[in-house]
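Worksheet: the structure to be examined is printed underneath.
Note that ligands are numbered from 1 as they come in the structure, with each ligand's atoms numbered from 1 the same way.
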Amino acid sequence: MNQPLLDIQDVTVEYPGRGGLRAKPFRALHSVSLDVQRGECVGLVGESGSGKTTLGRSVLGLAPVTTGKVLFRGQDIAHADRGRRRELAADIQVVFQDPYTSLNPALTIEQILAEPLTVRKVPRAEAQKRIRDLFEMVRLPADSGTRLPREFSGGQRQRVAIARALALKPALIVCDEPVSALDLSTQARVLELFKDIQEQTQVAYLFVSHDLEVVRHISHRVAVMYRGEIVEFGDGDQVTGRPNHPYTQKLFFAAPIADPDAQAQRRKERRQLLAAQNA
Ligand code: ADP
Ligand code: MG
């Protein structure tokens with residue numbers, strides 16, 4: 001296989017313990033390894049508190065990595081200094097869960113998208129063309145540039161956040177629960193958008209969600225986190241369809257399904273799996 005775009009090797013993250021100097025540090029990640037190839041979507045799923053955000057933050061240089069490596073294009077960026085981080089910002093971007101707090105409310109959509117381009121001193125005409133292309137890529141009306149974030153719906157704001165993440169043509173986007181705050185139909189449309197953009201641009205995603213259905217829909221490979229460890233990592237259909245680890249099975253069967261036939265089928269599979277386990 002080629003060198004992975006992102007290669008997380010045995011990463012342990014410890015947060016300072018609460019309650020004074022002698023408090024024991026809290027280990028949020030235990031020797032986690034995970035790789036993402038160019039143009040790939042790796043889904044990271046697990047219940048709340050399992051360490052998904054912490055893993056995403058370790059890639060962004062925002063988590064206290066105590067041991068292990070975060071290789072990006074073969075270089076360890078776990079402890080990159082500010083200058084290097086600034087360089088990396090063109091290549092590694094992020095989309096957060098909450099489109100209401102992640103966009104500066106005082107700026108127009110066009111100003112929001114222009115910001116990363118201006119910082120990089122992209123010439124004005126080129127920047128304007130890029131902004132027009134971004135509107136098209138995320139399917140926002142071309143005339144929405146003069147509007148403010150609050151004039152948009154949640155789904156539209158998330159499109160703006162995606163456009164901003166794409167502005168500098170990154171190789172990797174860390175997506176931390178990017179559709180979790182959206183209603184179901186908006187969720188489906190924004191997920192489709194993520195997929196289309198990936199096909200179009202070959203950007204890679206580390207796609208975090210607590211929702212196995214979401215992860216299943218979008219990921220090539222899926223990693224399952226449980227209490228700071230990856231308990232299963234492999235082909236998306238395999239992990240989400242025929243999970244090996246009891247924890248993944250629990251997570252999988254807890255996922256809500258709208259279609260009653262599929263639900264009945266799922267219940268049947270669950271009984272069979274449980275029977276096989278107890279045999
Ligand atoms: P997830 O995204 O899967 O919900 P997180 O990565 O946010 O999980 O959190 C994993 C664990 O680390 C949780 O127990 C959480 O309380 C703890 N944690 C997260 N951030 C901090 C922090 N800044 N300081 C101390 N503990 C933290
Ligand atoms: Mg989280």
Side-chain angles (χ1 to χ4, degrees), residues 6 8-34 36 41-70 77-80 85 92-103 154 157-158 161-162 165 172-182 187 190-191 194 205-219 221-233 236 239-240 243 245-252 254-256:
L6 176 70
I8 298 172
Q9 298 180 347
D10 299 319
V11 160
T12 294
V13 168
E14 286 180 348
Y15 290 112
R18 296 187 181 115
L21 278 176
R22 267 187 282 168
K24 258 178 65 180
F26 175 74
R27 187 168 288 188
L29 295 183
H30 306 260
S31 198
V32 167
S33 296
L34 173 144
V36 181
C41 177
V42 171
L44 182 63
V45 67
E47 65 193 349
S48 173
S50 56
K52 306 180 299 296
T53 292
T54 300
L55 188 58
R57 289 171 69 91
S58 76
V59 177
L60 301 164
L62 299 171
V65 173
T66 48
T67 60
K69 288 179 179 166
V70 179
I77 59 165
H79 305 284
R85 277 286 152 203
I92 306 180
Q93 276 292 320
V94 58
V95 174
F96 293 108
Q97 170 171 350
D98 190 354
Y100 292 84
T101 53
S102 64
L103 302 176
R157 286 185 217 217
Q158 205 55 311
I162 294 167
L172 174 70
I173 304 181
V174 175
C175 309
D176 192 349
E177 307 267 8
V179 300
S180 301
L182 307 175
Q187 207 173 66
V190 174
L191 271 181
F194 271 107
Y205 299 140
L206 177 59
F207 199 98
V208 171
S209 176
H210 66 281
D211 185 337
L212 197 58
E213 292 296 328
V214 165
V215 160
R216 181 222 305 273
H217 188 75
I218 191 158
S219 310
R221 287 186 299 157
V222 170
V224 182
M225 284 211 95
Y226 181 60
R227 296 190 178 175
E229 292 180 64
I230 288 184
V231 294
E232 196 159 350
F233 183 29
V239 173
T240 61
H245 193 277
Y247 174 66
T248 322
Q249 291 170 4
K250 202 174 124 221
L251 196 70
F252 178 63

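Note that CD of E177 and CG of D211 are 8.5 Å apart. Values are rounded to the nearest 0.5 Å. If you take SG on C175 and CD1 on I218, they are separated by 7.0 Å, rounding to the nearest 0.5 Å. Summarising the geometry, atom CG belonging to D98 is positioned 8.5 Å from atom CZ belonging to R157; distances are rounded to the nearest 0.5 Å. One distance of note links NZ of K52 with CG of D176; it measures 8.0 Å at 0.5 Å rounding. Atom CG of D10 is separated from atom OG of S33 by 4.0 Å, given to the nearest 0.5 angstrom. To the nearest 0.5 Å, the span separating CD on E229 from OG on S31 amounts to 8.5 Å.
Side-chain contact, Y205 with S219: no donor N or O sits under 3.5 Å from an acceptor N or O.
Residues S180 and H210 meet the side-chain proximity criterion, which asks for heavy atoms closer than 4.5 Å. Between Q158 and P178 the shortest side-chain heavy-atom distance falls below 4.5 Å.
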Between ligand 1 and the protein, which N/O pairs are shorter than 3.5 Å?
unit_1, atom_1, unit_2, atom_2, d
ligand 1, 2 (O), T53, N, 2.9
ligand 1, 2 (O), T53, OG1, 2.8
ligand 1, 3 (O), S50, N, 3.2
ligand 1, 3 (O), S50, OG, 3.4
ligand 1, 3 (O), G51, N, 3.0
ligand 1, 3 (O), K52, N, 3.0
ligand 1, 3 (O), K52, NZ, 2.8
ligand 1, 4 (O), G49, N, 2.6
ligand 1, 6 (O), T54, N, 2.9
ligand 1, 6 (O), T54, OG1, 2.5
ligand 1, 8 (O), G51, N, 3.1

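For the Mg ion (ligand 2), the count of nearby protein N/O/S atoms, taking only those under 2.8 Å, is 1.
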